[in-house]
Structure formats: structure tokens, C-alpha cells
Amino acid sequence: MTTENTPAVEDDLPEQLRIRREKRAGLLERGVEPYPVAVDRTTSLKAIREKYTGLDIDVATGDIESLTGRIIFKRDTGKLCFATLREGDGTELQAMLSLDKVGQDALDAWKSDIDLGDIVSVTGEIITSKRGELSILANSWKLASKSLRPLPNDHKPMSEETRVRMRYVDLIVRPEARAAARMRPQVMRSLRDTFNNYDFIEVETPMLQVMHGGAAARPFKTFSNAYDMDLYMRIAPELFLKRCVVGGIERVFEINRNFRNEGADSSHSPEFAMVESYMSYGDWRSIADVTRTLIQNAAMAVAGSHVVTHADGSQKDLGGTWREISLYDAISNGVGETVTALTPYADLKKYAEKLGMKIDPKWVTGKLAEEIFEHVASDQLIEPTFVMGYPVDTSPLVRAHRETPGVVEKWDLYVDGFELATGYSELIDPVIQRDRLVEQAQLGAKGDLEAMQVDEDFLRAMEFGMPPMGGMGMGVDRLLMALTGLGIRETILFPLVKPEVE
RNA sequence: GGGCCUAUAGCUCAGUCGGUAGAGCAACGGACUUUUAAUCCGUGGGUCGACGGUUCGAGCCCGUCUGGGCCCA
């Protein structure tokens, strides 16, 4: 099938790419398949490492195995060659090829045909070398897949751009990339296990929506040919999850992607994984407890402890109960005046100007208060902190605080200075909800691109009666950031990058 | 959106005052039966992001554009 195609070797290629293509062609000419349909493999490198721990130096076990791996280092000497094989999880094992075991032809072929980056199968005895290195001493070997491109220097980290553009290479060479890729599913499993312990039911709700809602954000817009209408990629699943609660799914959650047509930086990605959940007969405090348990269990799942170690070596304690601060108390302390949700816009503006802040004239009163908070309190948000009590005019889906006027029962959870999750006592009065959404629509009509739309079907669902409940949303990518200290592009396997120009 | 930094060999990076393009790893040829980023001898490899300008002469100076990073909003 592939043996008859002897490819033309492009001679405008860089030297190293050209040479490897020539080697592939040479193999085919000699009847050696560079991409065989199967090679021998009896077990994994990891299983070998686990089985033969603590062997003395220069031991021959007598056990014959067939092992596969990508060649990461190659040390050819005259009649005895060494190579380091690496498999997907980063486990490495040394392969040894000696003249007296494999013969002259196979040894010569090994030296001339095999390059760094090739995947090979080696069959032989498991031994330790004279230096004590656990190894497979080959009786035979076979090429499993020829690499036509040289691996990057394994000893120098790739630039950030190359890592993101060629994640497949990043995963081959960089242990941190392998660890990050494997940590995400561990966290996902932990989240689902924790929800399961609380009897939450997982659902999937639409990503393509007729109308976007559930958050303040600009959506991606697309078009359905079949229905001849505009559709939006969802910015949040909230309004659908609440429909579930109306229908009697009393504890519900979804883990899925949201899309927001906004700027990208070290903590924002246009598409991001979000966990969102609603708990009937709960409120902002009970859902805060659920959220803390989710995060602490995730830390336990990946770190075996509530204390996690970040990429820079620092340790962060996510254990215990977490600090709570009041948004308006923090603002008051920051500006040296008593500020509440009833403080007029003009006063807030005065305080903000005194702090040297730039004020966007589009900000409503509550937004200005939140901005002042972030300005004065950002250094207090490193350890896990629930910021309690937000202004009503920026939170159209949250119910009013049971004591404090102008404030809603909403918290934001901050870790390492960024917002990790948010939780509410949900607004369940359909009449008030309609008023809030109509207000939003008016802002939208005035040009606020992040304003919500009036979702009549959602309001109809509410009018059937929605139980009191607490709700929360948390960014999965950001949870990974909090657990690892990595930037968001390191927690996402294939973040969006602009195409390379030729 | 604004400011700053950045783009040179497959990878990671140097490149002085504007005067023939450099290193390490990788590659190619040779030696070597216990190497661990093997070592030793030898060799090749470049549209210096793109386009334009200044100059006798540009990797370097100027302008525009593109990609990437950081900070601010």
C-alpha cells in the first residue's frame, strides 16, 4: 500500500527535513516500512519501571519484553549503542543495542536510519547496565514511525509561542505540559464526583442559542441556514439550568464550554470551560459551601492535599473555611469614607478620581463601585476570599439581600487575585425578573453590547414557579490556574492562536 | 484601544560603532562494547518576519504592516 510510493524529495526544504525525507525514501527502497501497521509491544515502559525497582547494577533478569517509545537521546558508540525511550506520560527507559546481540546489519541500520524523535519497538531482555541503569538489551528492533522533523533541543524550553502553536511537541518534550494535560481530566472527574456526592444531576444544555443570556458579555454570532436565522454561541447556561430546576431537577449542574467575544489575555480565553450549578432550597451561603468543597476536593485529587504547589514553587493553602469580606466595607476602608449601595454616583466618582482611577462614563453606579473595590482591595484577594454583597444594578439575576438595601445576595470568590467563581441567592420572582430584564434590554438598546435580552420563554418558565435556590458558576480553566499557578493558555491544550503567515 | 518589548540556522539564543552571519544542542562524515545532554576529529546548514526608505554599503538606522509577549484601560 505504501511501499510503492517513492516520494519526490523536495530540495527546497531545510537540510534536516530533507535528510529525513531521504531516509524515509531509502527505507522504502530497501523494503523497510517506515510506518508499519503494527509493531511488537508486550507492556509499557511505566510497567517495566514499576516492576523492576531497586535492581542491583549489572543484573540480567532473563525476562524478554517488547517495548515501544520515542527516542529522546541517542548515544552511538562503536559496537554498543544507547538510546533513551520516552512514552506518553514521560516515563523513560534506556535501550541498549550491542553488536553481539543484534548483528552487524541491524546495528548499522540503527545508526544510520534512526533519528531523535523516531518511535521504535525494541525486543530484548530487561537488564541493568554496568552503571545501574534499568535497560532493555535488544535482541531485535523495528521502526514504528519515522519522524520527519527534528525534535527541539530537549534541554532548553521552547518559546511560549512555539509551545502553544505546536502543543504536540510541547507534550513530547516538556513535563509540565504533560502534567497540565493530565491534570484537567482529574479535576473534571473530581468535580463530577463531588456533585454526585451531593446528589446533583448533570445535564447538557444548548451551546447554539436563539437568544444569549445568563451573563453580561458579548456573544459570538452565527447563522443557521436551515432555520434562516441568527444564532448565538452561548455565553452561559444559566437560563437553561434554571428551566431544569423549574422542571424538578432540584440539584443540577453542567460542565461545558462558554464563548465570549471579548479580549484574550493571561486570564481570559474566548472559549472557556465553565461549571455551573443550582441547588434548590439552598441560598448563596449553602452554594458557597458546595463551591469550597468542590475546590478543596479537586485540590485533594491533584495534590493529595488542600495545600497546592504552584509552578513557581510557592505553596497555596486552600484548606479550612475561607475569609469573607463585604464589598462595601472593603470600599469604605479603601476610600476612608462610609460607602454603601445607596451612595450616589457623584460621590463614588469623587472617590474614584481621588484614587487616580480612570472612569468609563458608560459605567453604572454599581459598576463604578465594583471598579473602586478592585482598585483598593486587589491585594487582599490572594488567599481564597468570598467577597459578599454586590450592587443590584450589575446583577439582574440575583435576589435582593434580605437585610441590606441596594445589595443583592451575590458573592465572588477570589483566589490569587483573580475571580474564580461567583454565587447567588437566585432571583425567583418572575415579575421582578421581567423588570430587571426589560431594564437590561433598554441598556442594550442604548448600545451596551454586554446587556442581556428579554428571554420570554425563560420568564414563562419562572412564572410556573421556581423553588428558592442558590446557584454558582466557576471557570474550570481558572480552577486549574488556582491549583497550578499556570496562565490560562497553559491550562488549555489548544488555545486559540492566529494562523502563522507563510 | 494605548504604551513598552520582541521576531536571526531544526530548537534556544548572541550579534559591539552601519563594513564578508555566530554559539550550544541538533544534522552530516569518521573513531569508539557501558553511555546518561557520552566523548574525540572533521564538515555542512541562513530570503536575519514582510514591504518600503536612508546610505557607497543595512541583521543593525527610519517608516508601514504581520505574528508573539508584558503592562495599562
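Computed from a prediction, not measured in an experiment: that's the story for all the values here. In the text below, chain A, chain B and the rest are named by the order of the sequence lines, each starting its count at 1.
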Review point. With a 4.0 Å cut-off on heavy atoms, is D154(A) in touch with a base, just the backbone sugar-phosphate, or nothing at all?
Key: nothing
Review point. Only one of V164(A), T162(A), D170(A) clears side-chain contact (heavy atoms from CB on, under 4.5 Å) with M166(A); which?
Key: T162(A)
Exercise for review: Scan T162(A) against the nucleic acid and name what it touches under 4.0 Å (heavy atoms): base, sugar-phosphate only, or nothing.
Suggested key: sugar-phosphate
Practice item. Determine: side-chain N/O of K23(A) to OP1/OP2 of C28(B), distance under 4.0 Å, yes or no. Key: yes
Review point. Taking OP1 and OP2 of U33(B), is either one under 4.0 Å from a side-chain nitrogen or oxygen of T77(A)?
Key: no
Practice item. Please work out if T84(A) contacts a base, only the sugar-phosphate, or nothing of the nucleic acid, heavy-atom cut-off 4.0 Å. Key: nothing
Exercise for review: Return the nearest nucleotide to the side chain of M158(A); candidates are C70(B), C11(B), U34(B).
Suggested key: C11(B)
Review point. Counting heavy atoms not belonging to R323(A), are there more than 12 under 6.0 Å from its CZ?
Key: yes
Please table the atom pairs, donor to acceptor, closer than 3.5 Å between any side-chain atom in residues 344-352 of chain A and protein atoms at least two apart or in another chain.
none

Revision key, fill the gap. Residue set satisfying side-chain hydrogen bond (donor to acceptor under 3.5 Å, both in side chains) with Q440(A), at least two apart, ordered chain then number -> none
Under 3.5 Å, which donor-acceptor pairs do the side chains of residues 72-81 of chain A form with other protein atoms, sequence neighbours left out?
| unit_1 | atom_1 | unit_2 | atom_2 | d |
| --- | --- | --- | --- | --- |
| K74(A) | NZ | D76(A) | OD2 | 2.9 |
| K74(A) | NZ | W110(A) | O | 3.4 |
| K74(A) | NZ | I114(A) | O | 3.1 |
| R75(A) | NH2 | Q94(A) | OE1 | 3.0 |
| T77(A) | OG1 | L80(A) | O | 2.1 |

Exercise for review: Give one of base, sugar-phosphate or nothing for R489(A), where a contact means two heavy atoms less than 4.0 Å apart.
Suggested key: sugar-phosphate
Check your understanding: Looking at the side chain of E160(A), which of G67(B), G69(B), U34(B) is the nearest nucleotide?
Key -> G69(B)
Review point. What's the closest nucleotide to the P150(A) side chain, out of U36(B), A37(B), G10(B)?
Key: G10(B)
Check your understanding: When we call it a touch if two heavy atoms are under 4.0 Å apart, what does D100(A) touch: a base, just sugar-phosphate, or nothing?
Key -> base
Point to revise | Nucleotide nearest I19(A) (side chain, heavy atoms from C-beta), chosen from C28(B), C25(B), C11(B) | key: C28(B)
Check your understanding: Touch check for R20(A), heavy atoms < 4.0 angstrom, all strands: base, sugar-phosphate only, or nothing?
Key -> nothing
Review point. Under 4.0 Å between a side-chain N or O of K498(A) and OP1 or OP2 of G67(B)?
Key: yes
Point to revise | Closest nucleotide among G24(B), C28(B), C32(B) to the N153(A) side chain | key: G24(B)
Review point. What's the closest nucleotide to the S129(A) side chain, out of U33(B), G67(B), U36(B)?
Key: U36(B)
Practice item. With sequence neighbours excluded, tell me which residues meet side-chain hydrogen bond (donor to acceptor under 3.5 Å, both in side chains) with E324(A). Key: R285(A)
Review point. Between the base of A27(B) and the side chain of E15(A), is there any donor-acceptor pair under 3.5 Å?
Key: no
Review point. Do Q16(A) and G10(B) have a side chain to base donor-acceptor pair shorter than 3.5 Å?
Key: yes
Review point. K101(A) near the nucleic acid: base, sugar-phosphate alone, or nothing, with a heavy-atom cut-off under 4.0 Å?
Key: nothing
Review point. E374(A): what forms a salt bridge (Lys or Arg N to Asp or Glu O under 4.0 Å) with it, not counting sequence neighbours?
Key: none
Review point. Of H375(A) and P157(A), whose closest RNA chain B nucleotide lies nearer the 5' terminus?
Key: P157(A)
Exercise for review: Report which part of the nucleic acid K79(A) touches: base, sugar-phosphate, or nothing (heavy-atom distance under 4.0 Å, all strands).
Suggested key: base
Check your understanding: Tell me, which stems hold RNA chain B, with a stem being 3 or more Watson-Crick or G-U pairs in a row and both distances under 3.5 Å?
Key -> B:1-7 with B:66-72, B:10-13 with B:22-25, B:27-31 with B:39-43, B:49-53 with B:61-65
Check your understanding: Among U33(B), G67(B), A26(B), which is the nearest nucleotide to the side chain of L116(A)?
Key -> A26(B)
Review point. Nearest to the side chain of M96(A), which nucleotide is it out of G10(B), U34(B), U12(B)?
Key: U34(B)
Check your understanding: Which pair of heavy atoms, one from L318(A) and one from A299(A), lies closest together, and at what distance?
Key -> CD1-CB, 4.2 Å
Check your understanding: Using a cut-off of 4.0 Å on non-hydrogen atoms, how would the nucleic acid contact of L151(A) be classed: base, sugar-phosphate, or nothing?
Key -> nothing
